[in-house]
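Heads up, the thing below is written out as structure tokens.
Just so we're clear, the structure is a prediction, and the values are computed from it rather than from any experiment.
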There are 2 protein chains.
Amino acid sequence: MYLAAVVDDSARRQGRPVVTTHAAIEQAAFRLFAERGFEGTTLDAIADEVGVGRRTLFRYYRSKNDIPWGRFDLTLARFRHLLADAPADEPLWRGVHRAVRAFNEFPPAADPTHVDRMRLILRTPALQAHSVLRYAEWRQVIAEHVAARTGARPGDLLPQTVGQVSLALALAAYDVWLDDPARSLPDLVDAAMLTLRDHLDPTT
Amino acid sequence: MYLAAVVDDSARRQGRPVVTTHAAIEQAAFRLFAERGFEGTTLDAIADEVGVGRRTLFRYYRSKNDIPWGRFDLTLARFRHLLADAPADEPLWRGVHRAVRAFNEFPPAADPTHVDRMRLILRTPALQAHSVLRYAEWRQVIAEHVAARTGARPGDLLPQTVGQVSLALALAAYDVWLDDPARSLPDLVDAAMLTLRDHLDPTT
DNA sequence: GGCGTTTTGGCCACGGGTGCCATTAGCGTC
DNA sequence: GACGCTAATGGCACCCGTGGCCAAAACGCC
């Protein structure tokens, strides 16, 4: 229901046609967020801007908080493939790290931009809060990967720890990146990992 | 205002006396949460149970989500002291880790119990979401400590990374602990750190 | 043109959260 | 013992996000 709406419009055959798209809603919403801030933008305002009933917004996004995330389900599927592509003979941590790095290479020509999205998400309290739910799904993808490769269960300490720490490194990288978007995000992900390995270096 | 209410009642001199306490509210709230779940418990119900107006609840807790966290401001102050106590000649990571470990030694005789609190917080979606805001404050304490000890700014990559990773380890430990509260939480924090160091061991 | 299908969007109810303000109940003073 | 000061209380109105319900709309197909 929620997903079928716009995954592939051309596949639809009959029934009343859709009036809008996820992309159109996101663009309208980000226009308003830029003007009035996230909290200052009501769903009524977004609905008006899109030219659609407020009720309809909920058929495209589960909640107001989900709008900035866009089609995160698709993004997660991409991440799952990146992890699956890790060579079996590579150390586990390295494969995970390279997938996380690659995951954060976003096409620069998106609208809304990846910077705009993430700045909004990471700098707005209400969205910071909501983001955990998305992070949990993201970590779960890692935990399942690690579990599969080590024979553990996803809930065990190693898969959980790797998931949590991978997220931690990514978030540390984002934090620096948002302050200075000119830097390369994937490089910052690398730098965070190096920083951690250095910090924990047993020889010190 | 928000804090002054109950930090030290004996310090109050004049004005209408308070009708309740943070502890009383938390105990009443947890009773209801246990019966009807967090989402199923309305603020009206909590107010009734405490015997207080709904409006008054907001003078003790900023939001419904804050009730399970209790007096987190006090908890943070304790954490700050633990970090400050780390010897200067000890490796930075070790001092941070020991503080995190010590921070998670909670008195077993609390009401509500630390397990009840954390189970509610970590297993209720709405609270999982809200918890990031608390985590951010907790990480900031670490980031400031690391910044002070290394001469960096709290926003730099090392302080942020250490903060994020410390949180990651703690959360991984909690996740296992909640499934099996008989295990020692501080020991699990140690185990998570060992797991990470092993995972990243350069010799593998 | 009628029918089935699918989306739309209006209406209503609920609950959390906030500003406003009159009320309440101790304290210190006279 | 009354009076005023002060600070906490709690009722009221209101905004906003969210979800259930359902009739109306607009297409393809026959």
Side-chain angles (χ1 to χ4, degrees), chain A residues 1-22 24-25 28-29 32-33 36-69 124-127 129-130 133, chain B residues 1-25 28-29 32-33 36-69 124-130 133:
Chain A
M1 183 93 347
Y2 165 70
L3 291 184
V6 184
V7 167
D8 186 0
D9 270 4
S10 62
R12 288 194 335 96
R13 292 279 164 246
Q14 51 177 329
R16 179 174 173 169
V18 298
V19 197
T20 184
T21 62
H22 286 89
I25 293 176
L32 295 179
F33 294 157
R36 326 178 188 176
F38 181 77
E39 320 254 3
T41 305
T42 69
L43 285 175
D44 281 305
I46 299 176
D48 282 355
E49 180 87 6
V50 184
V52 100
R54 192 176 68 115
R55 195 64 186 73
T56 298
L57 289 185
F58 286 100
R59 298 222 167 74
Y60 286 78
Y61 296 93
R62 273 192 284 270
S63 72
K64 182 183 177 185
N65 287 336
D66 282 305
I67 296 178
W69 283 93
T124 305
L127 291 176
H130 182 71
L133 305 180
Chain B
M1 182 93 343
Y2 166 69
L3 291 183
V6 183
V7 167
D8 185 0
D9 270 3
S10 61
R12 288 197 332 100
R13 292 279 164 246
Q14 49 178 328
R16 177 174 176 172
V18 299
V19 279
T20 185
T21 61
H22 286 88
I25 293 176
L32 295 179
F33 295 158
R36 325 178 189 177
F38 181 78
E39 319 254 4
T41 305
T42 70
L43 286 175
D44 282 303
I46 299 175
D48 282 353
E49 180 87 5
V50 183
V52 102
R54 189 179 75 117
R55 196 64 185 73
T56 297
L57 289 183
F58 287 100
R59 297 220 168 73
Y60 286 79
Y61 297 92
R62 271 192 285 271
S63 71
K64 182 184 178 185
N65 288 336
D66 282 303
I67 296 179
W69 283 93
T124 307
L127 292 176
Q128 287 171 10
H130 181 72
L133 305 179

Spacing between [X] atom [atom1] and [N] atom [atom2], to the nearest angstrom:
X	N	atom1	atom2	answer
B/Asp48	D/dG10	CG	C1'	13 Å
A/Lys64	D/dC16	NZ	P	9 Å
A/Arg54	D/dG17	CZ	C1'	7 Å
A/Arg36	D/dC16	CZ	C1'	14 Å
B/Asp44	D/dG11	CG	P	10 Å
B/Phe58	D/dC12	CZ	P	17 Å
A/Ile25	C/dG9	CD1	P	10 Å
B/Asp66	C/dG17	CG	C1'	12 Å

Find which nucleotide of DNA chain D each of A/Glu39 and B/Val19 is nearest to by heavy atoms, and output the residue with the more 5' nucleotide.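 Nearer the 5' end of the strand: B/Val19.
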Looking at side-chain heavy atoms only, is the closest gap between B/His130 and B/Pro68 below 4.5 Å? no
Indicate yes or no: at least one non-hydrogen side-chain atom of B/Tyr60 is less than 4.5 angstrom from one of B/Ile67. no
So, OP1 or OP2 of [N]: does either fall under 4.0 Å of a side-chain N or O from [X]?
X	N	value
A/Ser63	D/dG17	no
A/Thr56	C/dT8	no
B/Tyr61	C/dG17	no
B/Tyr60	D/dT9	yes

Given [options], which nucleotide is nearest the side-chain atoms of [X]?
X	options	answer
A/Val18	C/dG16, C/dT8, D/dC21	C/dT8
B/Arg59	C/dT8, C/dC20, D/dG20	C/dC20
A/Gln14	C/dG4, C/dA25, D/dG10	C/dG4
B/Arg16	C/dA25, D/dC21, C/dG16	C/dA25
B/Arg55	C/dG19, C/dT8, D/dT18	C/dG19

Regarding A/Thr42, tell me which of base, sugar-phosphate or nothing describes its non-hydrogen contacts under 4.0 Å with the strands shown.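 The answer is sugar-phosphate, as A/Thr42 gets under 4.0 Å only of primed atoms, P, OP1 or OP2.
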Partner of B/Lys64 under side-chain contact (heavy atoms from CB on, under 4.5 Å), chosen from B/Leu57, B/Leu43, B/Thr42: B/Leu43
Looking only at heavy atoms, what is the nearest atom pair of A/Glu49 and A/Ala28, with distance?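 Looks like CG-CB, 3.5 Å.
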When every non-hydrogen atom of B/Leu133 is compared with those of A/Pro125, the smallest separation belongs to CD2-O, 3.7 Å
